[in-house]
Chemist: 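Handing you this structure, nothing more for now.
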Amino acid sequence: MSTHRFAVNVTPKPGILDPQGRAVEGSLGHLGIEGVSAVRVGRRVELTVAAVDAAAARAVVERLAAELLANPLIEAYVVEEIAGASSTLSIGAGEG
Amino acid sequence: MSTHRFAVNVTPKPGILDPQGRAVEGSLGHLGIEGVSAVRVGRRVELTVAAVDAAAARAVVERLAAELLANPLIEAYVVEEIAGASSTLSIGAGEG
Amino acid sequence: MPARIGVVVFPGSNCDRDTMYALSLAGAEPVELWHEQASLDAIDGVILPGGFAYGDYLRAGVIARFSPVVRAVTAFADRGGLVLGICNGFQVLAEAGLVPGALLRNRGLRFLGRDVHIAAERVDTPFTAGLIAGRPLRMPIAHGEGCYFADDATLDELERDGQVLFRYVGGDGAAVGADDGARHPDNPNGSLRAIAGVLNTAGNVAGLMPHPERAAEGLLGSDDGAGIIRSFVAAAAGRASGRVADPNVAAAGVGAGSGR
Amino acid sequence: MPVTLTAASAAVTSAAVPLHRALGLTDDELDAIRDRLGRDPNHLELAIFSVMWSEHCSYKSSKPLLRTLPTQGEGVVAGPGENAGVISIGDGLAVAFKIESHNHPSAVEPYQGAATGVGGILRDIFTMGARPIAVLDALRFGDPGDVRTRHLVDGVVRGVGGYGNCVGVPTVGGELVFDPSYQGNPLVNVMAIGLLDERRLTLAAAPGPGNLVILFGSTTGRDGIGGASVLASSTFTHDDPSKRPSVQVGDPFAEKLLIEASLELIERELVEGLQDLGAGGISCATSETADRAGTGMLIDLDAVPRREPDMAAYEVMISESQERMLAVVRPDREAAVREVCARWGLPCAVIGRVTADGDIAIVEGGLDDSGAAAAGARELARIPAAALTSDAIVHDRIGAAPVHARAAPAPGIPEWPSDGLPERGMDPGAVLLALLGSPNLASRRPVFEQYDSTVQVNTVAGPGRGAAVLRVKGTTKALVATTDANAPVSGIDPWLGAALSVAEASRNVSITGARPLGVTNCLNFGDPTRPEAFWQLSEAVRGLGDACRALGLPVTGGNVSLYNESASGAILPTPEIGVVGILDDIATLIGPAFVEAGDSVVLVGEAVPGLAGSEYARLAGAAPGDGPPVLDLEREAALQRFIREAVAGGLAASAQDVSGGGLAVALAEAAMWGGIGGRLRIPVASSPAADLFGESPSRIVVTCRPRRLEALVLLARQHGLPVDELGVAGGDRLLIDLGNGGATGPAEGRGSHVADALDVSLADLEHAWSRGLGRALGWDEVD
Ligand SMILES: Nc1ncnc2c1ncn2[C@@H]1O[C@H](COP(=O)(O)OP(=O)(O)O)[C@@H](O)[C@H]1O
Ligand SMILES: [Mg+2]
């Protein structure tokens, strides 16, 4: 049994309208920021999984991502393993 | 001049209420998923920056993250450079 | 001379007209302040109304914070001008750092449109002078991100310095109680210490989540909110005599309101 | 020159299926297209036809039926055919209203489907020059205990709220009904209401050859490609990915800006015509506006602002990207229009010119200064505008009553109902509590609390207690609005179901004291090529027309949604009716709740037998031979006249309609909402079940001060209406004795026994009613 920390990055699929990204782009002028484009706003979900091994843990995250965290019609996701020591680490999350 | 694609991962600071994370944890039972804990839900913003060099580009992103994308009272953020060829690449975004 | 109250119109504001309507009922002269205007002139008070400024994308109120008008409002507040943020306006003020704290998503993760009761903690402020301390006022909330948050130290400080302006209470005025974690039916968004509205340290800027402008006529079910609007208008009128001109305006034809 | 279809269509064209069929056109339809063009269509033209000749855009199955509806009425300024119906309400003001479905998109992606449904119907309203002031959402789903249903309900409710709340239009009413027939095919019908200065009425026409065609609002992407043709006009199944177009995503923020910019353009008289882009995108907006004015248009495809690179011509032409408008503008006003759009931060482009030749011509390569195709430009398509709209194909579908169809019971010869429950030994109070807590009758608060119902400060009565009431600022008037559909009865007798829906919706408006102005409707039915489904549709339209004529109501608009079928079968035929009424003096308004202890409680109208189609039957079942209750339209009209007069004369303190759950539920609601119980006695005319829980129409519970009782009763009799004094409001229990001189009347003669009295505390009623929906949906756990 080992614990692993993952992040699931969920972003709007290419071609799908991203009103949030557009709003951010629209506000850059007020901030005096230039040269920024193609902004896409999505979600990032970080979680700890306890499983027999890393592969099993990743399988759990993949399922969670596909069934709950992302809406496959309009969103794409990527699962990445991250260090348990990330800033959002909470007690009990192991290094894997 | 070069273009770079970045992601800014914004997550609720430790100790800050994260009802979305709790809601995800709460629905794991229905999905029959076990062993998942410490779920935190945040935002992921991907963007392309054109600047004289990578360091200048990153500085723009850092500023954007600190001033706009994250609220320092409640959120922490991490900036990472990602491949331009990510799924959300749009026209004109180079590989950096 | 009626008090001239500026009502900020961001793209996405949707309570601007309601607020102007309530101000008219309270005898004030509402003046539209367009989000791109960088100065305020001959204005006795400013209200940032509810809505979804710039779509409320990313985080409620955050994009609005960078608009020219908010810079102007900040300057106005720094000069001692009266500023009230309602709902989205409160979120903008919090993002801009004009009032302490942050507004998080409602704990139930759903938008909530319903009547609540709030009571003023202090009645010696420009926003509450016409109210009776502790008396429950019924008015609607309509928001998805209204859970008031600040860290414990800040909360203690706010309590100590009298910066808690309104709290959610029961219909009979009963306090919600200290249990922050639980969502009490009388504190539906789960705000810490049941805080519904706060003041800045100087006492001239306030924000609250409920909508007093929607409770300004008995016909609509409650006129409990009218007291807040009237207090604000009266305080602003009191300052009207000493109207401070915006130094930025003197330059050239930058008028108030772009009209629409 | 052939236009090649790429990417999205590749999947459907790869097989041996001819392109027109892959696009949902039949061989006959292809022939009809050739007739109209006098040649073969190219691919782009075929794609445009496929969208425009979809059921959704052309009404090819329903047009002949809809022509039979009454459309004339006092004050009607714009009727069917326009984006929304418009009726004058005096003081120089008019009300615009319309209902529309977004069923299939919501089944695929509930949040965005519902959100874009709200966005679409709002555009229909402000296109007319009206500021949207209210939304009502009429929703139908399958079993509330089912996981998929819960996902749909959650997404749809969030979507309606997510959009309406942001644009700042209050959601003030609607419906939420569960029935197994909607399991695979939920219904999301949204009605919107707007208020306009009559002088600002703007029509969706493109007059004046030489005028500019301007597209403003969001940019055009690949949203909903094929949505109109493939998705909306063939049977929907979850599992066929080729029929899953890219989902339309709504941006309520953009819509809010679009509302303000459009109304400003109209206010400043800068546009000659205005049309929103909905199903069919640019194809539909250009051809409809041109055809209405008898003009044509030359469209410069390159000028359309896009969100994505490499879009094919057909994608640009049929894209359903949201939050876009088409304006027809005189050339000298272009700069002013651009200035308004710029101020609201909206992209704006001249995409063509109005022409005199009656054709929609599409070129790439640009237009020259005179508005003609530039030298070297290529013409990609040319279609007479009429061929796409007014002269689109119309099918003569065949209708056949199903063999098992029950004839509507003829008035006067009712079938006897089951005497079923509740009889002696069965506590009718327990039945009442079960009904009040059931998914279809319990409080909808958990849903409508997610909506902003008070923005715009007009909401005098919001969701939760009958019709919505909105004051009209600057006048003494109020608008009263509601939606209703009786699908269970429509499933048995579509004529009756539709007529009952009109009766109930207009009754809900009349009981506030308001005069119903007109009807909008959304006909949600199955596959019209099935004779039984077409028969249901035609019977329902006949019922709708008959009821509207009897009640003196014009039908000012609506929407038809066919092919509502899934693997689990067709939905119950669901004729959704929206009614808007006007109350001249808001001071006279009354509500449904008991007002004062001591008031007399009176039932006007009488129960008739027939439990089929009732909520009671859903719970307890009905006798096999039972039918639905009959509807007497003359009596319905008299009842509504009576209550309006009673309200205007100050005779009534409250009025509550008897509908779902019957008289017992109506009384329980009036008591709970007023916080006042009642000590009442119901004379049983047919059977205890029918009298307490039957849903026979044309009945209202009226309360009045005791001293007004005589006058109220007299007034009812003058209208030829039966009246029963049920008792007196008061106390904290609902107590109903049953009897008719101690017996159950005719029912007793047939062996029915006297039921026990109903006796329940208000607290118990409230508990059952307020918890029911959250429990059914499992929302208790979340909250
Ligand atoms: N989906 C919904 N959205 C908003 N309001 C709703 C919804 N469903 C029901 N309501 C409101 O709840 C109340 C009860 O609905 P219903 O039983 O259909 O009303 P009625 O019996 O008056 O026709 C009405 O005020 C209605 O407007
Ligand atoms: Mg009803």
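Excluded from the calculations below are hydrogen atoms, water molecules and symmetry mates; all remaining heavy atoms, backbone and side chain alike, are included. Reminder, nothing fancy here: chain letters follow the sequence lines and each chain counts from 1.
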Chemist: Using heavy-atom distances under 4.5 Å, tell me whether Val469(D) contacts chain C through its side chain, its backbone, both, or neither.
Modeler: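 Neither part; nothing is under 4.5 Å.
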
Chemist: Looking at Cys166(D), is its backbone amide N or carbonyl O close enough to the side chain of Asn14(C) to form a donor-acceptor pair, meaning the two atoms are under 3.5 Å apart?
Modeler: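 A pair under 3.5 Å: yes.
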
Chemist: Quick check for you: among Lys473(D), Arg268(D), Gln456(D), Glu449(D), which has the greatest number of heavy-atom pairs under 4.5 Å with chain C?
Modeler: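 The candidate making the most pairs under 4.5 Å is Glu449(D).
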
Chemist: Measuring heavy-atom distances to chain C, does Ile586(D) have an atom under 4.5 Å in its side chain, in its backbone, in both, or in neither?
Modeler: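 Only the side chain of Ile586(D) comes within 4.5 Å of chain C.
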
Chemist: Please look at Glu217(C) and chain D and tell me whether the side chain, the backbone, both or neither of the residue comes under 4.5 angstrom of a heavy atom of that chain.
Modeler: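 For Glu217(C), side-chain heavy atoms alone lie under 4.5 Å from chain D.
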
Chemist: Once you round to the nearest 0.5 Å, how far does CG of Asp154(D) lie from CZ of Arg110(C)?
Modeler: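 Asp154(D) CG to Arg110(C) CZ: 4.5 Å, rounded to 0.5 Å.
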
Chemist: Which atoms of Asn458(D) are under 4.5 Å from chain C, going by heavy atoms: the side chain, the backbone, both sets, or neither?
Modeler: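 The answer is the backbone of Asn458(D).
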
Chemist: Taking Ala215(C), Pro140(C), Gly113(C), Gly221(C) one by one, which has the highest count of heavy-atom pairs under 4.5 Å against chain D?
Modeler: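 Top count of heavy-atom pairs under 4.5 Å with chain D: Gly113(C).
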
Chemist: Sort Ser453(D) into side chain, backbone, both or neither according to what part of it lies under 4.5 angstrom from a heavy atom of chain C.
Modeler: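 Answer is neither: Ser453(D) stays 4.5 Å or more from chain C.
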
Chemist: Looking only at heavy atoms and a cut-off of under 4.5 Å, which of Thr459(D), Val169(D), Val457(D) has the most pairs with chain C?
Modeler: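 The answer is Val457(D).
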
Chemist: Please look at Arg158(D) and chain C and tell me whether the side chain, the backbone, both or neither of the residue comes under 4.5 angstrom of a heavy atom of that chain.
Modeler: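 The side chain, not the backbone.
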
Chemist: Locate the shortest heavy-atom distance separating Cys15(C) from Val455(D); write the atom from each residue and the value.
Modeler: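 What the structure gives for the nearest pair is SG-CG2, 4.2 Å.
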
Chemist: Could you check whether any side-chain heavy atom of His211(C) comes within less than 4.5 Å of a side-chain heavy atom of Asp452(D), counting everything from C-beta outward?
Modeler: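 Sidechains of Asp452(D) and His211(C): no contact.
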
Chemist: So, Asp56(C) side chain and Phe253(D) main chain: donor-acceptor pair closer than 3.5 Å or not?
Modeler: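 No, Asp56(C) side chain to Phe253(D) backbone: no donor-acceptor pair under 3.5 Å.
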
Chemist: Less than 4.5 Å apart, side chain to side chain, heavy atoms only: is that true for Phe52(C) and Lys256(D)?
Modeler: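 The answer is no; the side chains never approach within 4.5 Å.
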
Chemist: Nearest 0.5 Å please: distance from the CZ atom of Arg445(D) over to the CZ atom of Arg114(C).
Modeler: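 So the CZ of Arg445(D) and the CZ of Arg114(C) are separated by 7.5 Å.
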
